[in-house]
Amino acid sequence: MDLSMNERNPNAEMVARDLDCVWHPCTQMKDHEWLPMVPIRRGAGAWLEDFNGRRYLDAISSWWVNLFGHANPVIGNAVRRQLETLEHVMLAGFTHEPVVELSERLVAATPAGLDRVFYADNGSSAVEVALKMSFHYWLNQGEPGRQRFVALENSYHGETLGALAVGDVGLYKDTYRPLLMECLLAPSPDAYLREAGESPADFARRRAAELEALLERHAGEVCAVIVEPLVQCAGHMRMYDPAYLVELRAICDRHRVHLIADEIAVGFGRTGTMFACEQAGISPDFMCLSKGLTGGFLPLSAVLTSEDVYAAFYDDYTTLRAFLHSHSYTGNPLACAAALATLDLFAASDVLEKNRARAAALRAGVAALEDHPHVAEIRQAGMILAMEMVRDARTREPYPWQERRGLKVYQHALEKGVLLRPLAHVVYFMPPYVIDEEEIALLTRTAIEGIDVATREA
Ligand SMILES: *Cc1c(COP(=O)(O)O)cnc(C)c1O
């Protein structure tokens, strides 16, 4: 008798229950007729484990949120301690120690001049807050004509309608275009687009000059320019030179326009410095943080801004200048406790220094792809490394998106026990800061194999 026929398959049972009632994010659910869903029972360090005991190395930090490994005990214990004293209190009219301490520490950790912290509970909401605050600031200053935002081509700032409106990833945006405010798009400084022989910095300055021309054409109409500093993450991990941010800061000052730095993905050490803006030595007028803010434990976001912006709202109630925006869970104490523990982990050891060795190992591990006929570029900013798969590396002719070759890399990697989730045809690493040498070797080996498999057929 074949006993295996009667053996339980806990993965399959969980997936069957899921497919009966859950609608997953960013997913064509019909794909799951043939693409297996992976049910995760637990995580530890850089690893996730399914209900059948199979393990997967989380090379993308579960959508870029996890910084110090899954079920990290330092963060877990901090949340547990907080859970026993205060789970939540509304932040209007009330306050609590975790939100006060977190605000003090975020002000200290971020670039100079960011002295006020407003909270929301996800990245998109933080972007909405920054957009509304900037518009409202100009209104309070007697400049109601400033109603437009400038964003970069290929940018991504989230999925809610305001955040989607200042993004430029067609896959997410095009369907909803009739619902969106129109933003002004400036050409991206993305170094992949530079001319042969042109340096990334020269290209960045050229693109900055084009942005300045756009602001000149729309003088007095613009509230703010919003950018993802150094890496357009959802826009296929395209990267640009810090010279762009240096120019952008000066241009925004010249034209009296706010600069919003969306560091939701790149903040907390991803690009090698604690915040990407540091590499240009600039302070934005607004900085949006989320994702890594709680080490990947709980949803929380923060918008930091200046005393100047804060002061424009500070007045007698009846002037109606206050920023009357809120979310039910604004400044949730559990999430703040997770964020404080995450900052403790940065303070406890020289994480950024240790990441330099990890980043070098990631790059060395994929060196074999340098001359690959279907890899147009290997690019890196600190702990983010991306490999661009194309039909022809010499001409950079892209693969048609319908071929979904990135999905083949995803499937191959899962078979090998690695979670990679390419963005279209761009394979990338954004691992948690606990990944060790052996895990990096597994990761880079698997990526190379996966790219070979995915690009084999013409
Ligand atoms: C993920 C992301 C967002 C949106 O954050 P959510 O928490 O997913 O709403 C905004 N901006 C950038 C740069 C992001 O990477």
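When a residue number appears, it is its place in the shown sequence, counting from 1. We count ligands from 1, going down the list as the structure has it; atoms in each ligand are counted the same way.
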Quick one: are the ring centres of Phe268 and Phe275 less than 6.0 Å apart? yes
Enumerate the residue pairs fulfilling salt bridge (charged side-chain N to carboxylate O under 4.0 Å, His left out) with a member in residues 279-305, sequence neighbours excluded, ordered by first and then second residue. Arg249-Asp285
Going by the 4.0 angstrom heavy-atom rule, the piece of Tyr156 near ligand 1 is both
Between Ser124 and Glu159: side-chain donor-acceptor atoms closer than 3.5 Å: no
Atoms in ligand 1 flagged as close to His157, the criterion being non-hydrogen separation under 4.0 Å: 10 (C), 11 (N)
Find all atoms of ligand 1 within a distance of less than 4.0 Å from any non-hydrogen atom belonging to Gly123, and give their numbers and elements. 4 (C), 5 (O), 6 (P), 7 (O), 9 (O)
Testing Ile60, Leu67, Asn66 for side-chain contact (heavy atoms from CB on, under 4.5 Å) with Pro432, which one passes? Asn66
Applying ring pair (Phe, Tyr, Trp, His ring centres under 6.0 Å) to Phe313 and not counting sequence neighbours gives His136, Phe323
Report yes if the distance between the aromatic ring centroids of Phe135 and Phe149 is under 6.0 Å, otherwise no. no
Side chain, backbone, both or neither: which applies to Cys233 and ligand 1 if a contact is any heavy-atom pair less than 4.0 Å apart? neither
Under a 4.0 angstrom heavy-atom cut-off, which atoms of ligand 1 come close to Ser124? 4 (C), 5 (O), 6 (P), 9 (O)
Validation row, ring centre His258 to ring centre Trp138 under 6.0 Å: yes
Here the atoms of ligand 1 under 4.0 Å from any heavy atom belonging to Ala265 are 15 (O)
Under 4.0 Å to a heavy atom of Gly158 - the qualifying atoms of ligand 1, by number: 4 (C), 10 (C)
Enumerated ligand 1 atoms positioned under 4.0 Å from heavy atoms of Glu228: 13 (C)
Of all the non-hydrogen atoms in the protein, which one sits nearest to atom 12 (C) of ligand 1, and at what distance? Asp262 OD2, 3.3 Å
Got the closest protein heavy atom to atom 2 (C) of ligand 1, with its distance? Lys291 NZ, 2.5 Å
Hey, is Glu403 close enough to Lys408 for a salt bridge, meaning N to O under 4.0 Å? no
Just jot down the ligand 1 atoms closer than 4.0 angstrom to any heavy atom of Trp64, in number order. 15 (O)
May I ask you to identify, for Ile264, whether its side chain, its backbone, both or neither come under 4.0 Å of ligand 1 on a heavy-atom basis? side chain
